[in-house]
Each structure stands twice: as structure tokens, then as C-alpha cells.
**Q** 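This is the structure I want to talk about, given as C-alpha cells.
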Number of protein chains: 2
Amino acid sequence: MRIGELAARAGTTTRTLRYYESRGLLPARRVGNGYRTYDEDDLRLLEQIRTLQDFGFDLEETRPFVECLRSGHLEGDACPASLAVYRRKLTELDALISDLNAVRAQVGAQLTRAEASLPGGPEPRCELTG
Amino acid sequence: MRIGELAARAGTTTRTLRYYESRGLLPARRVGNGYRTYDEDDLRLLEQIRTLQDFGFDLEETRPFVECLRSGHLEGDACPASLAVYRRKLTELDALISDLNAVRAQVGAQLTRAEASLPGGPEPRCELTG
DNA sequence: CCTGGCCTTGACGCCCACGTCAACGATTAC
DNA sequence: GTAATCGTTGACGTGGGCGTCAAGGCCAGG
């Protein structure tokens, strides 16, 4: 299939595919007229990339998965390098979530404090006044 | 004080201060030679901006707080517009944290599954083999 | 033959909060 | 005097993953 069809089937754009190729992630064969041509395996590689991208993986982080598939494995995460990326990502996610929870707590506390200091006195929340 | 001193006292750089000024967030008075000059109030404004930036607020989102301080309030969050930003940010944070937790769960599940499919069979985790 | 729809490469734009450099003026220390 | 240190404006660079032209080639239908 050609680039437009692959892009449509993967729910992405031709620009994205050319970008991946420029990064060496998803090289394409060419037919006589210079057009790129892809097969079903390429679709699978692309789907792997897109899934990981949706998880927030950097493009470079998807490379081990792609190479794993290309080396004949049925799953992109059937190789140690992919597992290492998973583990590193989990660590990053845990740190990030932890940071965000801390920020959320701080902002929440600030809001509560600021509301309590409003002119007219603290507003009761969800409580009957009379 | 001049720009270098203010930057140092706030733990930031002169570039940052000039950037804030270009955004209309922290305008400076000028002395005869063209140098920017700041006072203690400016330091307080700057600290407010930096605190919110550290929380991950966009620069534009700090504007209500700065204007609140500049209008004479002792706290940047003593104005309704600031509270609105707090609330919006809390909503965003909750959504983001929720998304990240979902991703974390997915990646964690993928890792577990992939580890279980490794050649050589599943590796027992933290358990005695004999 | 012409139109329209696909394809090609190349290159600039975007977002955001600055970093970094260039070329210059002002002030201070000696 | 002069060197070091501060300040000024202007402008380009950064990162990531593309979007969006521009200018042209290839091919099918009518």
C-alpha cells in the first residue's frame, strides 16, 4: 500500500509517516516512480509506535519495540530492551504522579486558605445557613 | 535595585526578568542611564510568579495574582480571578493525574504480561524457589 | 488533452519559557 | 587609562512532533 492508505489505516497522517522515516524508525521501500510502499508488517510497526506515543513515550523510546518486532518477535515488548523502557517509564511516571499529587495538595490548600480569607468571611461549603 | 540583584535575590536570571517585562507581567521603571530599577514590591511580585511557575502554572495564569498584588492586596490570591485560576488548575491537575494513573496501570500491566511471556518461563518475583 | 487526486522533496511555522550570543554603552575599581 | 563588571537591545537557538505551504511529478478517468 502507499503512504496515504497506511496513514489512514493507522489513523495518522502522511506527514507523520515521513517524519518517522526521517528518524529512521519506519523506513519505506520505493516502487519505480519513487512512491513509498508499505506492507501489513509496517502497519503493525506503526500501530506499536502509535500505542506507545499515546502512552506518552518519546519517539526514541519506541525504537526498541519496533526493532523487537522487526527482528521477528510477535510482540514489541518481547525483548529485554523493551522491558527496560517499560521499567524506566514506570519510574518516571511514579515520580511525575507523585510530584503532581504534591502540587495538587499545595494548590488545594492555597485555595482553601484563600477562600477562608475572603472579605465577607469564610463561605460555608455545602451547608445550610439558616 | 537593578536587574542583576533582583534576579539573584529571586533565584532567577536577568533574561527571565526581561522576558517577563516583554510580556507585560513585570514592567520596570528606568533610571537616567536607561537601567531598569526595581523595589521590594517587585521582588514580591516576582516571588509570586516564580512560586506559581514552580507549580506548573503558565505565565499567563500568574497574571491575575500579580495584578491582585499590584492592586494593593497582601496576597496574590486574595482576588476572585486568582481563585478562578486555582480552581481551573485543580481541575486540570485532577484530569492529568487521572490520565497518568491510567497510563501507569496500563504500562504496569504490559510489563507484567511481557515478563510472564519471557523465554525461560515466568520469573518468580521475591519468592523462594526451593 | 485536461482535471483532479495522489505522490515527491524542501523548508518554514508552532508552542513556551527562556538560553545564549553579538555588539555596544555605563559604571566602578585600581 | 583601562580593565572588569554591570547594563542595554536585538535576534537566533532549543526541544518534540509534527502542521502547513510551495513547487512540482505521476497516473487514472472522461
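Below, read A as the first sequence line, B as the second, and so on, with proteins coming before strands; counting in each chain starts at 1. Hydrogens, waters and symmetry mates are skipped; everything else that's a heavy atom, side chains included, is used.
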**Q** To the nearest Å, give me how far apart CG (A:Leu25) and P (D:dG17) are.
**A** 10 Å
**Q** Could you check how far CD of B:Glu21 sits from P of C:dA17, rounded to whole Å?
**A** 17 Å
**Q** Can you confirm whether the side chains of B:Arg18 and B:Ser22 place a donor and an acceptor under 3.5 Å from each other?
**A**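 Per modelled atom types, B:Arg18 and B:Ser22 side chains form no pair under 3.5 Å.
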**Q** A side-chain contact here means heavy atoms from C-beta on lying under 4.5 Å apart; do A:Arg30 and A:Thr37 qualify?
**A** no
**Q** Looking at five pairs on each end of the helix from C:dC1-D:dG30 to C:dC30-D:dG1, what is the angle between the two axes, given to 10 degrees?
**A**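 Between the axes fitted at each end of the helix from C:dC1-D:dG30 to C:dC30-D:dG1 lies an angle of 30°.
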**Q** Reading nucleotides 6-14 of chain C from the 5' end, what letters show protein touch, with B for base, S for backbone sugar-phosphate only, - for no heavy atom under 4.0 Å?
**A** BSBB-B---
**Q** Send over the distance from B:Tyr20 OH to C:dA17 C1', rounded to a whole Å.
**A**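 That distance rounds to 8 Å.
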**Q** Is it true that A:Phe57 and A:Tyr19 fall in one hydrophobic cluster, defined by side-chain heavy atoms closer than 4.5 Å?
**A** no
**Q** Quick one: A:Leu26 CG to D:dG17 C1', roughly how many Å, whole number?
**A** 15 Å
**Q** I'd like to know if B:Asp94 and B:Lys89 make a salt bridge, using a cut-off of under 4.0 Å between side-chain N and carboxylate O.
**A**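 The answer is no: the pair does not qualify as a salt bridge.
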**Q** Does B:Thr16 place a side-chain N or O at less than 4.0 Å from the phosphate oxygens OP1/OP2 of C:dG19?
**A** yes
**Q** Using the rule that two of Ile, Leu, Val, Met, Phe, Trp, Tyr join whenever any of their side-chain heavy atoms come within less than 4.5 Å, decide whether A:Tyr20 and A:Leu52 are in one cluster.
**A** no
**Q** Please list, in numerical order, the residues of residues 43-64 of chain A that have a heavy atom closer than 4.0 Å to any atom of DNA chain C.
**A** none
**Q** Show your working on side chain to side chain contact (heavy atoms under 4.5 Å, CB included) between B:Glu47 and B:Arg9 and close with a plain yes or no.
**A** CA-CA 10 Å; B:Glu47 282 168 345; B:Arg9 288 181 63 182; over 6 Å; no
**Q** Would you say A:Phe55 ends up clustered with A:Leu46 if hydrophobic residues are merged whenever their side chains have heavy atoms under 4.5 Å apart, either directly or through other cluster members?
**A**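 In one cluster with A:Leu46: A:Phe55, no.
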**Q** Check the distance between D:dC6's C1' and B:Leu6's CG and give it to me in whole angstrom.
**A**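 Whole-Å distance recorded here is 15 Å.
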**Q** Quick one: does A:Glu61's side chain get under 4.5 Å of A:Glu92's, heavy atoms only?
**A**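 When only atoms from C-beta onward are counted, A:Glu92 and A:Glu61 do touch, with a gap below 4.5 Å.
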**Q** Going by an N to O cut-off under 4.0 Å, is there a salt bridge joining B:Arg44 and B:Glu75?
**A**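 Answer for the salt bridge query: no.
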**Q** Please determine whether a side-chain nitrogen of the Lys or Arg among B:Arg29 and B:Glu21 lies less than 4.0 Å from a carboxylate oxygen of the Asp or Glu.
**A** no
**Q** Kindly state whether the ring of B:Phe65 and the ring of B:Tyr86 have centres lying under 6.0 angstrom apart.
**A**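 Under 6.0 Å, so yes.
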